[in-house]
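Take a look at this one; I'll ask things after.
Since the model is a prediction, treat every value here as computed from it, not as a measurement. Each chain gets a letter, A, B and so on, in the order the sequences are listed, and its residues count up from 1.
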Amino acid sequence: MTPVAARGAIGIRNVSKIYDPDGANVLAVDDCSVEIAPGEFCVIVGPSGCGKTTLLNAIAGFHDITSGEISLDGKPICTPGFSAEPGADRIVVFQNGALFPWSTVLNNVAYGPVVQGTASNTEAKTEAQALLAELGLSGIGDHYPNELSSGMRRRVEIARALINDPKVLLLDEPFRAMDALTKGVAQEFLLQAYDRVRKTVFFITHDLEEAIFLGDRVLVMTTRPGRIKRTLHVDFGRPRNYKIRSSKQYLTLKSQIFEAVREEAVRAFEAGERELA
Amino acid sequence: MASMPARRALLEVKDLAKGFGFGPLRQQVLENCSFGLQSERLTVLIGPSGCGKSTLVNILAGYEAPDAGEVRLLGTPVAGPSAERLVVFQETALFPWMTTFQNVIYGPLVQRDMRRDEIEANAIVLLEHVGLKDFKDKYPSQLSGGMQRRAELARAIINNPKLMILDEPFRGLDAMTRELMQEYFLKLYEGRKQSVFFVTSEIEEAIFLADQLLIMSNRPGQIIKTIDVDLPRPRTASLLTSTEYLRYKDESLEVLHGEAVKAFAEGSKAAADFLEAYADQNR
Amino acid sequence: MTVIETPSQSRTAKAAEINSLALTLFRVRQWLTQSSPYLGFLGVASLFLAWYLVTEFFTVPRFNKLPGPVAVWREFTSPSPTFGISIYTPEYYMHIFWSIWRVLQAFFWATVLGVPLGLLMGWKRAFRDYTFPVLEIVRPIPVLAWVPVAILIFAGIASREAPVIFLAFLATFFATVLNTMLGVESIDEVYFRAARCLGSKPHHIFFRVVLPGALPFIFTGLQIGVGVGWFSLVAAEMISGEYGLGFLIWDSYVLSQFPVIIIAMLTLGVVGYGFSAIIRIIGASLMRWADRSGV
Amino acid sequence: MAKNSTTLSLRRGLVSVLGLLAFWEIGRRLHFPFLSAVPAPTEVFASLDQIVGNSKFWNDWIASFSRVLSGFALAQLIGIPVGLLMAMSRTLRYLWFPPLEILRPIPPLAWVPTSIIFWPTTELSIIFVIFLGAFFTVVLTVLGGARAIDERLIRAARSFGSKPRDIFWRIVLPATLPSIITGMAVGMGVTWEVVVAAEMIAGKSGLGYFTWASYVGGNYPQIIVGMASIGIAGYLSSGAIRVLGKQATPWQRQI
């Protein structure tokens with residue numbers, strides 16, 4: 001059985017965040033509370049503007065919160081006025097990818113250990129080579145990111161995060177820009193990497209199908225201000241593959257919160273239209 | 001496959017072949033690709049990324065000529081672009097310097113076969129119909145993704161094309177906006193006698209919209225399976241959780257997943273960039 | 001446990017090799033078969049023909065005072081040129097050397113001072129607040145309006161070189177600083193965040209994100225800088241130089257040695273073009289990653 | 001948060017500018033190396049009322065502006081159509097591009113002697129050199145802009161049944177407008193560089209001549225006034241073009 005992670009518990013208690021873009025203060029997240037167990041694959045699904053990225057950025061340490069507290073393994077990492085420096089214990093995989101375009105795949109993956117000083121340049125490179133091979137990505141070490149397809153780039157980025165053995169993996173809609181078929185195969189890659197060494201995963205998405213296929217627990221967020229509206233426990237067991245997408249259980253799960261998600265989507269769609277116009 | 005009532009064939013495509021490059025770098029994108037489109041039906045084409053879907057769209061629209069094979073619209077061979085076969089592209093192709101209203105009236109205006117006030121009246125009605133009436137003087141950059149798509153649909157529909165071709169029009173929209181846009185598009189389609197050729201790579205979207213589903217193989221692309229989707233119309237979101245829908249999804253998933261893995265594995269950009277390089281030559 | 005095996009890994013690498021060699025071969029073949037080279041040649045030929053007809057053949061009024069291509073060519077290639085400047089005379093190469101040497105010095109100082117300043121201005125808000133307003137006030141002043149002040153500033157120093165190099169430096173410096181700053185600002189915020197996530201210290205971020213990320217813009221800045229530097233050098237040499245192509249042009253005008261003016265002008269064009277081409281090549285080789293993605 | 005950060009940077013900017021002026025003043029007074037011969041801000045300020053008073057100074061402004069505008073306008077009138085033609089027809093592009101590429105690297109000021117020999121009056125010769133400076137910039141920017149139009153927009157227009165004249169007037173021209181304006185703004189910058197030098201070398205009037213004459217005449221504070229005037233004139237003309245540009249391309253303004 002794959003080792004169960006003993007670390008990476010995220011405590012989100014009564015978290016609220018108010019943005020103040022030139023005076024019109026916007027309540028992005030309103031009193032959210034959730035306890036994420038170590039090694040749990042937690043998915044947040046909601047329309048754009050429901051505060052899911054705000055939560056992720058707060059955990060990652062890119063900004064503070066207005067009230068409440070976020071802790072990692074009991075230690076506070078984000079409170080009003082304080083946010084711990086971003087670090088290799090909680091690594092973000094960004095929506096449109098953030099592989100350094102100017103360095104090769106190998107140097108990208110080896111970047112973390114090298115700058116943290118946990119390994120010399122050559123040691124880090126060999127370690128990176130081994131991880132890439134294990135994830136089925138050997139042979140592209142000296143390519144530049146722009147020479148790879150979006151599917152491959154995303155896998156390298158996940159490898160770049162995993163090599164640092166983070167407590168928490170934060171994924172911000174990593175498969176959004178992909179066409180559905182590449183997305184399906186990339187999701188399977190993430191699941192298999194997750195099964196390899198269990199980590200706490202905080203995954204945010206617009207796509208309900210993706211949330212159920214990947215997550216142990218799915219939290220549905222309301223349109224702005226973001227509140228946790230519904231929670232759905234998904235127990236398909238692991239490892240999973242694309243077959244479950246057409247299983248009966250998958251469909252019942254989907255229909256349970258389909259309505260809840262759609263309501264928020266329609267409200268956001270109308271709000272979006274007004275807000276932008 | 002149940003025999004469909006004999007409908008007039010709107011468009012026939014016979015043994016299309018298209019390749020790029022030269023010598024060792026010859027990339028065959030389409031190979032003996034044949035299919036037919038019936039009029040006033042929504043035919044959806046689905047296939048993995050890089051299987052030649054967009055090239056096929058360009059040939060049907062008349063932007064590119066095939067190396068072999070032919071395309072006939074109502075019996076007459078197709079040559080060059082025309083308002084009979086209009087394309088709605090993947091990313092928006094609204095003219096950024098024209099307001100929504102100017103975009104919509106552009107087609108009839110340049111065809112010069114209708115008086116201006118008549119054209120403007122039609123445009124107002126259509127904009128009302130797609131819910132963009134009070135955005136008519138806005139520029140495309142001031143519209144949301146969903147609104148841009150609706151404006152583009154209006155810009156095509158006003159010309160009453162014999163065939164409307166949509167090349168993954170909802171790609172790039174987030175999953176939720178996409179579902180709502182699909183319902184919106186169906187409302188528009190089911191309200192008019194319009195033949196549509198809809199290209200996508202989303203299985204759920206394909207089955208939800210299609211009367212007939214064509215599945216394309218990996219490169220070089222050809223039609224490897226045809227499924228007649230006779231789900232009731234008008235189609236609503238609740239359909240997404242019905243068993244027949246699930247059956248169709250299973251059937252196409254089986255074929256597509258194999259193709260997707262091949263496309264994914266071959267995922268290196270080197271070949272794609274070569275095609276791009278070739279395209280620059282003849283611009 | 002292998003994740004979805006991708007047999008094609010080696011194939012992708014191989015494909016990349018075939019691709020670049022065959023691609024260039026294909027492009028050359030394509031270029032030859034098309035009409036572009038012949039038309040281009042026709043364009044250049046008609047330029048020189050028009051010049052010849054107007055000055056020497058039909059001696060149209062006004063134009064006849066200008067030297068024709070044949071006269072210029074004869075002067076340029078004669079072992080004992082009437083005005084002492086031809087490919088055989090060392091003096092010709094001495095002028096070229098002086099001009100290049102001055103631009104190189106200006107280019108060196110503009111890079112050494114301009115690039116770090118631009119990087120810091122783009123990266124640190126405080127640094128930018130203190131330096132950018134000053135630059136913005138000085139920048140609109142045309143470089144050549146500085147000629148008198150440059151002479152005053154360097155009045156103390158004997159050699160007349162300093163003001164000329166200072167002017168070429170000024171032009172290159174502004175272009176380099178501004179483009180470098182633009183380059184840093186064009187780096188997507190996500191790369192800074194990714195680097196911080198992976199545990200980078202500030203100096204890591206400077207050398208592994210700010211510098212490489214801004215590189216394409218730095219080279220654009222250097223290329224524009226050289227162009228503008230060359231432009232100002234010629235004027236500076238005309239006004240207060242002793243050697244160099246700019247001086248040669250003005251001196252030949254004063255001594256009405258007209259063919260030499262044309263020789264110096266065309267030399268300036270060729271050498272200037274060579275300079276920016278060299279920088280373009282260095283830039284392209286340094287930034288293989290940016291060639292297709294057009295960062 | 002946003003509001004006070006702009007005032008903060010404004011304050012910092014002011015501090016650095018005033019600091020520089022103070023350094024310049026002290027440098028002159030205490031004869032720092034390099035600064036001893038350069039007139040201090042106070043001296044420049046003192047000489048201001050004397051200069052601003054006499055009309056000759058303002059005539060120089062007019063002279064420079066008229067040369068810049070005529071050379072610049074000529075460059076746009078010829079340069080923009082040439083750029084668009086080269087974009088629309090491939091044969092013209094292949095024919096004209098190489099000769100342009102040969103002439104472009106020659107710095108405009110290298111043309112001054114030839115221009116003086118050729119043109120009857122120095123006025124015309126300066127305007128010709130200004131024309132050259134702006135012409136190459138405009139042609140290349142317009143050509144670049146016109147060729148970078150998104151292929152799909154042309155294809156969409158063709159699908160709607162546009163005639164070639166529709167493609168040009170309703171698609172190519174508006175799409176290229178932003179780069180025409182950029183070409184003009186950059187071209188204007190080049191023309192001021194050229195006019196100053198041309199006036200210094202061969203001019204009898206204008207701000208460039210005024211600045212050089214002040215140096216030759218030993219009236220050093222006036223040099224700085226000349227430099228500042230040229231800077232302001234250049235800034236105003238480029239600014240005017242950008243403002244006009246914003247009006248002409250309303251779709252580019254983000255809400």
Sequence-distant partners of F169(C), ring pair (Phe, Tyr, Trp, His ring centres under 6.0 Å), two or more places apart | F173(C)

At a heavy-atom separation under 4.5 Å, does R90(A) approach chain C through its side chain, its backbone, both, or neither?
-> backbone

A98(A) to V190(C) - nearest heavy-atom pair and separation = CB-CG1, 3.8 Å

Exam field: side chain W102(A) to backbone A214(C), donor-acceptor pair closer than 3.5 Å = no

Checking heavy atoms, do the side chain of N57(A), its backbone, both or neither come under 4.5 Å from chain C?
-> side chain

With a 4.5 angstrom heavy-atom cut-off, which part of L170(A) approaches chain C: side chain, backbone, both or neither?
-> neither

Atom OH of Y273(C) with >12 non-hydrogen neighbours under 6.0 angstrom | no

Answer yes or no: does atom CZ of F82(A) have more than 12 heavy-atom neighbours from other residues, nucleotides or ligands under 6.0 Å?
-> yes

If you measure from CZ on F62(A) to SG on C197(C), what distance do you get to the nearest 0.5 Å?
-> 3.5 Å

Any side-chain heavy-atom pair of V114(A) and H204(C) under 4.5 Å | no

Which portion of E85(A) sits near chain C, non-hydrogen atoms under 4.5 angstrom | side chain

If you measure from CG on L198(C) to CZ on F100(A), what distance do you get to the nearest 0.5 Å?
-> 6.0 Å

Go through G97(A), G112(A), P166(A), P86(A) and name the one with the most non-hydrogen pairs under 4.5 angstrom from chain C.
-> P86(A)

Is there side-chain contact between V92(A) and R193(C), with heavy atoms separated by less than 4.5 Å?
-> no

